Amino acid sequence: MSSAVTDAAGDLFAANLKGALLAVASSAFVGVSFIVKKKGLRRAGATGSRAGVGGYGYLWEPLWWVGMVTMLVGETANFVAYMFAPAVLVAPLGALSIIVSAVLAHFMLNEKLQRVGVLGCVLCIVGSTVIILHAPEERSPSSVEQIWRLATQPTFLCYAALAVAVSLFLMLYCAPRYGQANIMVYVGICSVIGSLTVMSIKAVGIAIKLTIQGENQAGYFQTWLFVTVSAICLVIQLVYLNKALDTFNTALVSPIYYAMFTTLTILASGIMFKDWSGQSASVIASETCGFLTVLVGIVVLHSTKEPDQNLSGDLYTPLPPKIYWHIQGNGDIGKQKEDDSLTRDFITVVRQDYFV
């Protein structure tokens, strides 16, 4: 009896190890793809319109396509990782792609990595190591029907219903009114929908794994339902992530999105697959500390990024002839109104984020 338990524990550990290695490999490929694609975009922008101003010359740049293929390989490895390991383990390891891209950008793109940024990388590695060492050993479902029973349990149905309701509220009410001003709107949609994306993709991945092992799951309607949900959620997630990246600074979007997406994914996986069932409080605390360490590392790393020095032509905007300003010194405040002595062309204002 004890030998059977030992063998089962060994199999679960081996599955977790495979998932962790695939997640690390995925992060490496995705991190490299960011650099290769950016070099391709720069090369394409040097001979035509930049992508940031609506140009599509990068589609004819071979280097950009090399980056896309590299990213596809990384995302495929990440997809396979969910077949073997719980989302509690796989999702946080996505932070390693940020380290890879930051280090490569230092050497290949001349985007200097500051000393504090190195500390951020170290924190991410330490936190990821803690997560790997304390990851729960998830028992893989033996059929799509079993996954369906997990997905239709009352607690997860409540989570899914709440996630859909929040997403619809953000998309239909908040996005048209506050999307361009509040970063939490677009990122919130990506994160909430993203947690459902991971759960459905994990179900599809397990179905594919069982089919490869000889237990065909294509005949179950649940399999195709999970595929449909995965496709819909993935499209919505990508659309609003692109909106967030196009509207706000990447240095803000990346850490906020990572924190919200990973937290909600871990929560959804814990509800659906009972990842923390049977774990002691100390192990759960260790996993939480590992995730928080990774999160702090990402925030530190992004806080040291240098602003883009490529200023656009519309960076400077003239003020009206009539201006108001306050001059404060030694506690005295002076105020001048409607001074027409300064011309419109004399005064320009620079975007505030350039000085940050």
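Predicted model, so just to flag it, every value in this text is computed and none were measured.
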Could you list all the side-chain hydrogen bond (donor to acceptor under 3.5 Å, both in side chains) pairs where at least one residue sits in residues 206-221, not counting sequence neighbours?
none
What about Val24 and Val73, same hydrophobic cluster or not, with Ile/Leu/Val/Met/Phe/Trp/Tyr joined at side-chain heavy-atom distances under 4.5 Å?
no
Exercise: do Ser200 and Ser230 side chains pair donor with acceptor under 3.5 Å
yes
If you look only at pairs with a residue in residues 256-266, which of them pass as a side-chain hydrogen bond (donor to acceptor under 3.5 Å, both in side chains), with sequence neighbours excluded?
Gln237-Tyr257
Is there a path from Phe169 to Val187 through hydrophobic residues (I, L, V, M, F, W, Y) whose side chains come within less than 4.5 Å of each other?
yes
Between CE on residue Met68 and CD on residue Glu61, distance to nearest 0.5 Å
14.0 Å
Test side chain to side chain contact (heavy atoms under 4.5 Å, CB included) on Glu287 and Gln279; report intermediate values, then the result.
CA-CA 11 Å; Glu287 294 170 6; Gln279 286 192 295; 2.8 Å; yes
Here the gap from Ile266 atom CD1 to Ile271 atom CD1, rounded to the nearest 0.5 Å, amounts to 12.0 Å
Do you know which two heavy atoms are closest between Val192 and Ser167, and how far apart they sit?
CG1-OG, 3.3 Å
Closest contact, heavy atoms only, Ser26 versus Gly74
OG-O, 2.6 Å
Hey, quick one: are Val166 and Ile183 part of the same hydrophobic cluster, counting side-chain heavy atoms closer than 4.5 Å, chains of contacts allowed?
yes
Can you pull the side-chain hydrogen bond (donor to acceptor under 3.5 Å, both in side chains) pairs that have at least one residue in residues 169-196, sequence neighbours excluded?
Tyr159-Ser195, Gln180-Tyr186
Specify the closest pair of heavy atoms between Val36 and Leu63, including all atoms of both residues, with the distance to one decimal.
CG1-O, 3.3 Å
Looking only at non-hydrogen atoms, find the nearest pair between Cys233 and Leu196 and report the distance.
SG-CB, 4.2 Å
When rounded to the nearest 0.5 angstrom, what distance separates CD1 in Ile193 from CE in Met171?
5.0 Å
Worked verdict on Ile147 versus Phe226 for side chain to side chain contact (heavy atoms under 4.5 Å, CB included)
CA-CA 10 Å; Ile147 303 175; Phe226 284 129; 4.0 Å; yes
Group every Ile, Leu, Val, Met, Phe, Trp and Tyr by side-chain heavy-atom contacts under 4.5 Å, then state whether Trp64 and Leu238 land in the same group.
no
Share the residues that join Leu72 in a hydrophobic cluster, the rule being Ile, Leu, Val, Met, Phe, Trp or Tyr side chains under 4.5 Å apart at the heavy-atom level.
none
Exercise: identify the closest heavy-atom pair between Val294 and Pro92:
CG1-O, 4.3 Å
Does Leu264 share a hydrophobic cluster with Leu168, counting links as ILVMFWY side-chain heavy atoms below 4.5 Å and allowing steps through other members?
yes
Show your reasoning for whether side chain to side chain contact (heavy atoms under 4.5 Å, CB included) applies to Met83 and Leu22.
CA-CA 10 Å; Met83 298 183 188; Leu22 285 167; over 6 Å; no
Please round to the nearest 0.5 Å and tell me the distance separating atom OG1 of Thr293 and atom CD1 of Ile298.
11.5 Å
Any heavy-atom pair between the side chains of Val198 and Phe261 that's under 4.5 Å?
yes
The remaining residues in the hydrophobic cluster of Phe34, counting side-chain heavy-atom contacts under 4.5 Å among Ile, Leu, Val, Met, Phe, Trp and Tyr, are Val30, Met71
How long is the gap from OG1 on Thr155 to CG on Leu150, to the nearest 0.5 Å?
9.5 Å
Between Ser27 and Leu93, what is the shortest heavy-atom contact and its length?
OG-O, 2.8 Å
Less than 3.5 Å apart, which donor and acceptor atoms pair up between the side chains of residues 117-132 and the rest of the protein, not counting sequence neighbours?
residue, atom, partner, partner atom, Å
Ser128, OG, Cys124, O, 2.8
Thr129, OG1, Ile125, O, 2.8

Phe79 and Val204: side chain to side chain contact (heavy atoms under 4.5 Å, CB included), yes or no, with the steps?
CA-CA 9 Å; Phe79 173 75; Val204 174; 4.3 Å; yes
Determine yes or no for a side-chain-to-main-chain donor-acceptor pair under 3.5 angstrom, with Lys18 supplying the side chain and Ala85 the backbone.
no
At what distance, to the nearest 0.5 angstrom, does CE of Met199 lie from CZ of Phe273?
6.0 Å
